[in-house]
J.: 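The structure is given below, and queries will be raised subsequently.
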Amino acid sequence: MRWSSSFFHTASRVFNEYPSWSKSVLVCTVISGGGAVAFCDVKPEHDNESPKKRVVVLGTGWAGTSFLKNMKSTSYDIHVVSPRNYFAFTPLLPSVTCGTVEARSVVEPIRSITRKSGVNIHFSEAECYKIDQKNNKVFCRAVGKDKKSGVQEEFSIDYDYLVIGMGGRSNTFNTPGVEEHAHFLKEVDEALKIRRKVVELFERASLPSLPVEEKKRLLSFVVVGGGPTGVEFSAELHDFVHEDMALLYPELKEYVKITLLEAGDHILNMFDKRITEFAELKFARDGINVKLGSMVVNVGENEITAKERSTGQVVSIPHGMVVWSTGIGARPELVEFMKQLGQINRRALVTDEWLRVEGSDNIYALGDCATINQRKVMEDIAVIFSKADKENTGKLDLKEFKNVVGDIIERYPQVDIYLKKNQMKDMASLLKKSQESAITVDIEYFKEALSKVDSQMKNLPATAQVAAQQGVYLADCFNRMELCERYPEGPIRFRGVGRHRFRPFRYKHLGQFAPLGGEQTAAQLPGDWISIGQSTQWLWYSVYTSKQVSWRTRFLVVGDWGRRFIFGRDSSQI
C-alpha cells in the first residue's frame with residue numbers, strides 16, 4: 001500500500017512538472033490486486049506563465065526568409081507581413097527575362113518554408129505602410145481589394161520586436177521619364193514583363209508594313225547600369241537573340257542592337273580588374289555596345305538621352321525598351337520611418353553592428369533596406385586606452401594591452417583588416433614595439449599608431465549574400481537571447497560596464513559570379529582566386545543549384561537548364 005501511494009504521488013508530481021505529458025494516459029496493472037488502474041491528468045493552468053514576446057517580420061526576401069528558416073526557439077510569437085507570399089531567388093531573375101529559367105522555378109511559397117522550420121509562424125499577405133515606433137505598432141494594408149466593396153482591408157499589429165527586411169526599390173536618381181518608360185529588374189513580375197516585352201517587340205518588328213528605321217528602333221535594347229544585374233541581363237538578352245530569336249526571326253537579326261550605358265569608368269567595377277577587362281572585351285566581340293562615362297539625363301517613350309562625361313556631348317539613342325539597373329534606394333514608407341528616427345538624407349536605415357536600428361532598442365533592420373554604421377576606433381580611443389590601463393598610470397605596456405586586444409579586434413573589425421592588409425602579425429607590430437612587455441606607450445603614441453585603421457571601413461554591398469548571412473546571424477541571436485542575457489558573450493563595453501550580449505555581425509565574403517553569356521562566367525573567390533570560362537559556368541550552375549531553398553526548386557531549375565540545352569528558350573507570348 002505504501003508502494004502504491006508513493007507511485008501515485010511520484011506520477012502526479014512528474015505530470016505536473018512536465019505539461020507536455022498532461023494528455024497522456026497511464027495504465028498500470030497492480031500486480032498485487034490483479035486490477036487495472038487508469039491515471040489521467042488534465043493540463044494544468046499556468047496563470048502566472050508570461051506570454052510569448054511577439055516578433056513581427058516585414059518582408060520575405062533574402063534577409064527575412066533567412067531569418068525565418070533559422071528560427072528554432074519557441075519562445076516567440078512570430079508574425080510575417082509581406083506583399084508577396086513567396087521567396088524569390090533573385091540572382092536568377094535575368095535568366096527569367098529570357099526564358100532560360102521559368103518564373104515558377106525560382107519561387108517557393110513562404111508558408112512551405114516556415115512550415116518546415118518547426119516554429120509556429122503566422123503570415124499575412126499585406127504591405128506595411130507605417131511603423132509607429134512610439135507605440136510598438138505596424139500598420140498594414142492588404143494587397144488585393146475586396147471584390148464587393150472595392151476597398152483594401154487595413155489592420156495593425158503590435159510587436160515586442162520588429163525585424164525589417166523590406167528590401168529596397170530601384171534608384172532612379174530622380175531622372176525624368178524613368179518611372180514612366182523604363183523597366184526594372186528586382187521582382188519576378190518585372191522579369192516577366194521584360195520577357196513579354198522582348199517577344200512583343202520582335203512580333204511588331206516582323207510586321208511587313210513597318211519601315212526599316214522603325215524596325216531598328218523597336219529592336220534597340222538599352223540597359224542602364226553596368227553592375228552585375230545589368231551585365232548579366234545584357235548577356236542573357238544577347239544569347240536569347242542570337243541562339244533562339246535569330247532562328248525564328250532570321251530577317252530581323254541584323255536590326256538588333258544592345259547598348260549598355262555605365263556612368264563609371266568600367267563595368268563590374270566591384271570585381272577584380274582582370275574580370276572587368278575580360279567582360280568589356282567579350283561584350284565588344286559579341287557586338288554589345290558598351291558606353292562608359294555615360295550619364296542618363298532623360299528617358300523618353302522612344303529615345304533615351306545621355307551625357308558623355310569626357311566630351312560633355314548629349315547623345316540620344318532610339319529604343320524599343322529600356323531596362324534600368326542602377327542600384328537601390330529606400331522605400332517611401334521607410335523614408336518616413338527614418339524621419340521619425342532623425343535619420344535624414346539616408347539611402348537606408350542605419351543600424352549598429354548588432355543590426356539594431358539606431359535610435360531604437362527593439363527594432364532590427366537587415367538586407368538591402370539597412371546599412372551598418374561601424375563605430376570608428378578613433379571615436380573611442382580614449383576609453384579603449386582607459387579600459388586597458390587598469391592601474392591608471394597613464395602608460396600602457398604590451399601586457400596590459402594584450403588583455404583587451406581580442407575585444408578590440410572583435411568590436412572594431414577594421415583593426416584586423418588593417419593588420420592583414422599591411423602584413424602585421426599582431427598588435428605589437430602595429431604599435432611598432434618589440435614583444436617586451438616592459439616597453440610602454442602613452443595615449444598620444446597610441447592615437448598615432450591607430451590613426452590609419454579607420455581608413456579600412458567600407459559599407460557592405462547590397463547583395464543576397466549579405467542579406468542571407470544577416471538573417472542567419474539575427475535568428476541565432478533571438479534563439480539564444482535568454483541564455484546570452486545571463487551569460488554575455490560579446491566584447492567588452494568600452495563605454496559602459498560588462499560585456500555586450502552577442503558578438504557583433506561579421507560578414508564573410510564567399511565570392512561572387514558574373515555570367516557573361518555564351519556559357520562563360522567569371523568568378524572572384526576568396527584568396528584572390530580568379531576564374532573565367534566555361535568551367536566556371538559549370539561551377540556557377542553547381543553553386544546556384546545548391547543555394548536554392550528547397551529540393552523542388554532545385555529540380556525545377558536544373559530541369560529548365562536541361563530543357564534550354566535541348567529545345568532552346570521558349571518565345572511564346574503568354
Side-chain angles (χ1 to χ4, degrees), residues 351-356 358 372-460 466 469-470 472-510 526-527:
T351 73
D352 60 18
E353 298 89 331
W354 292 267
L355 309 184
R356 187 173 49 217
E358 290 190 349
I372 297 175
N373 182 22
Q374 175 61 53
R375 193 163 183 83
K376 296 180 180 179
V377 173
M378 295 309 292
E379 292 177 348
D380 296 336
I381 194 73
V383 293
I384 294 173
F385 188 91
S386 175
K387 209 80 171 181
D389 183 20
K390 294 183 179 180
E391 302 296 330
N392 295 321
T393 61
K395 298 282 186 179
L396 192 65
D397 61 39
L398 290 178
K399 184 177 181 180
E400 287 178 313
F401 186 70
K402 286 178 180 178
N403 291 331
V404 295
V405 66
D407 294 291
I408 292 174
I409 290 177
E410 189 171 21
R411 182 66 178 84
Y412 308 96
Q414 59 266 39
V415 175
D416 190 41
I417 296 172
Y418 185 82
L419 292 175
K420 291 177 179 177
K421 185 175 181 179
N422 291 276
Q423 297 180 344
M424 298 178 180
K425 61 180 181 179
D426 52 28
M427 291 296 294
S429 302
L430 177 61
L431 295 175
K432 299 178 182 178
K433 295 288 184 179
S434 69
Q435 296 290 340
E436 298 176 20
S437 60
I439 297 178
T440 60
V441 297
D442 58 19
I443 183 65
E444 294 304 321
Y445 188 96
F446 193 57
K447 287 181 179 179
E448 183 181 354
L450 296 174
S451 60
K452 297 180 179 179
V453 166
D454 290 327
S455 64
Q456 305 303 311
M457 295 173 58
K458 292 182 180 179
N459 290 330
L460 295 178
V466 172
Q469 290 186 27
Q470 288 178 336
V472 173
Y473 165 82
L474 191 59
D476 182 61
C477 291
F478 272 81
N479 290 334
R480 299 185 301 111
M481 190 170 289
E482 293 182 4
L483 178 65
C484 291
E485 287 280 2
R486 297 193 298 268
Y487 308 105
E489 63 180 22
I492 292 174
R493 296 180 183 269
F494 287 107
R495 288 188 174 273
V497 179
R499 290 183 172 273
H500 291 277
R501 284 183 301 176
F502 310 106
R503 294 184 174 90
F505 171 72
R506 290 291 174 264
Y507 169 61
K508 184 179 181 181
H509 186 60
L510 302 177

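Values reported hereafter were calculated over all heavy atoms of this structure, with side chains retained and with hydrogens, waters and symmetry mates removed.
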J.: Hey, is Arg375 close enough to Glu353 for a salt bridge, meaning N to O under 4.0 Å?
T.: no

J.: Has Asp476 got a side-chain atom pairing as donor or acceptor with Val472's backbone, closer than 3.5 angstrom?
T.: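 Judged by distance alone, no pair lies under 3.5 Å.
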
J.: Is the side chain of Asp380 donor-acceptor paired with the backbone N or O of Phe494 at a distance under 3.5 Å, no angle test?
T.: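 The answer is no, because no donor-acceptor pair under 3.5 Å joins these two groups.
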
J.: Would you compute the distance between atom CG of Leu474 and atom CH2 of Trp354 and round it to the nearest 0.5 angstrom?
T.: 13.5 Å

J.: Return the CD1 to NZ distance between Ile417 and Lys458, rounded to the nearest 0.5 Å.
T.: 8.5 Å

J.: Could you give the distance from NZ (Lys395) to CG (Asp389), rounded to the nearest 0.5 Å?
T.: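 Answer for the NZ-CG pair, Lys395 versus Asp389, is 10.5 Å.
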
J.: Should Phe505 and Thr351 count as side-chain neighbours, where that means a heavy-atom distance under 4.5 Å?
T.: no

J.: Are any of the side-chain heavy atoms of Arg506 and Gln469 separated by less than 4.5 Å?
T.: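 No; the side chains remain at least 4.5 Å from each other.
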
J.: Keeping Glu410 on the side-chain end and Arg503 on the backbone end, is there a donor-acceptor pair under 3.5 Å?
T.: no

J.: If the test is salt bridge (charged side-chain N to carboxylate O under 4.0 Å, His left out), which one of Arg493, Arg499, Lys387 qualifies with Asp407?
T.: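 Output: one option passes, namely Arg499.
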
J.: To the nearest 0.5 Å, what is the distance between NZ (Lys421) and OG (Ser455)?
T.: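 So the NZ of Lys421 and the OG of Ser455 are separated by 6.5 Å.
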
J.: Can you tell me if Ser451 uses its side chain to pair, donor with acceptor, with the backbone of Glu448 under 3.5 Å?
T.: yes

J.: Can you tell me how far apart CD1 (Ile372) and CE (Met457) are? Round to the nearest 0.5 Å.
T.: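 It comes to 10.5 Å.
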
J.: Please determine whether the number of non-hydrogen atoms from other residues, nucleotides or ligands lying under 6.0 Å from atom CD of Glu482 exceeds 12.
T.: no

J.: I'd like to check Glu485 versus Arg480 (side-chain heavy atoms, cut-off strictly below 4.5 Å). Are they in contact?
T.: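 They are not in contact (no side-chain heavy atoms under 4.5 Å apart), so the answer is no.
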
J.: In Å, rounded to the nearest 0.5 Å, how long is the span from OH of Tyr507 to CD of Gln470?
T.: 10.0 Å

